[in-house]
Amino acid sequence: MEAGAGAFSEEQFREACAELQRPALSGAAWELLVETQGISVYRLLDQQTGLYAHKVFGVLEDCLPDLLADVYMDLAYRKQWDQYVKELYEKECNGERVVYWQVKYPFPMSNRDYVYVRQRRELDFEGRKVYVIVSQSTSEPQIPEKSGVIRVKQYTQRLAIQSDGKGGSKVFMYYFDNPGGQIPSWVINWAAKNGVPNFLKDMVKACQNYRRT
């Protein structure tokens, strides 16, 4: 699916805010996959692709919402703390900022890469300040596919963050991607059960060492 930063609707941001307050898990076959480290991960089978969409809810202690949003958006800093980043940068293409992200996969699987646009907004939702970041894969001729790397062409993520009232952050994240190729089910299960909670915890550690310019 193609998207540009201007293609993100007000409704997408509002939906993320609403779900942060009241998780929308009823009326669909969302199943709890794992609860660990104060984080709950749910999944829903996508009938068209046979892959799962995921929703993540939790509280990240000792990291204020604005700081967490800054760390998430800072690509240069992410290359320092995210061990799975092979390459990551932002480039202006036809007047909009496009992100290129290559992810390390375990041998003998090929690395995956993403080309996507993103937008960050701060909203007042029911009297609460909420930071929302929406990302969507896009097609960009200026960033061609690389030999030996599989391009992920279906990628969507929504992240909403607000204060937990105790110096930490309450978070909601929705994500779906189609990694393509043949990936063993154990790798997919590990990524959902361990990779996402570990990533969020690593991000909290990154917050503690972050120096804003």
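It should be emphasised that the depicted structure is a prediction, and the values quoted were computed from it without experimental measurement.
Judged by distance alone, the side chains of Tyr210 and Gln208 never bring a donor and an acceptor atom under 3.5 Å apart.
Annotation: side-chain hydrogen bond (donor to acceptor under 3.5 Å, both in side chains) contacts involving residues 15-25, sequence neighbours excluded, comprise Glu19-Lys55, Gln21-Arg128, Gln21-Gln162, Arg22-Glu126. Sorted pairs that involve residues 45-54 and meet salt bridge (charged side-chain N to carboxylate O under 4.0 Å, His left out), not counting sequence neighbours, are lacking altogether. Evaluation of the ring-ring contact (aromatic ring centres under 6.0 Å, His included) test over residues 127-170, restricted to residues two or more places apart or in two chains, returns Tyr114-Tyr155, Tyr116-Tyr155.
Here the closest non-hydrogen pair linking Leu88 and Leu75 is CD2-O, 3.7 Å.
Between Asp113 and Arg151 there is a salt bridge, since a side-chain N of the basic residue sits under 4.0 Å from a carboxylate O of the acidic one. Using a 4.0 Å cut-off between a side-chain N of Lys or Arg and a carboxylate O of Asp or Glu, Arg121 and Glu10 qualify as a salt bridge.
Of the residues Leu159, Val134, Ile133, the one that meets the side-chain contact (heavy atoms from CB on, under 4.5 Å) test with Arg120 is Ile133.
Figure legend: cation-pi geometry between Arg112 and Tyr105, with NZ or CZ positioned under 6.0 Å from the six-membered ring centre and within 45° of its axis. In this structure, Arg78 satisfies the cation-pi test against Trp101, with its NZ or CZ atom closer than 6.0 Å to the six-membered ring centre and inside 45 degrees of the ring normal.
Atom NZ of Lys129 is surrounded by 12 or fewer heavy atoms from other residues, nucleotides or ligands within 6.0 Å. For Gln37, the CD atom counts as densely surrounded, since its 6.0 Å shell holds more than 12 non-hydrogen atoms of other residues, nucleotides or ligands. Annotation: Lys91, atom NZ; neighbour count of heavy atoms from other residues, nucleotides and ligands within 6.0 Å is above 12. Counting non-hydrogen atoms of neighbouring residues, nucleotides and ligands closer than 6.0 angstrom, the NZ atom of Lys104 exceeds 12 such neighbours.
Note: the hydrophobic cluster containing Val130 does not contain Val59 (ILVMFWY, side chain heavy atoms under 4.5 Å, direct or indirect links). Tyr89 and Val115 fall within the same hydrophobic cluster, where Ile, Leu, Val, Met, Phe, Trp and Tyr residues are linked whenever their side-chain heavy atoms come under 4.5 Å apart, directly or through other members.
Remark: the backbone N or O of Leu20 is paired with a side-chain donor or acceptor of Lys170 at under 3.5 angstrom.
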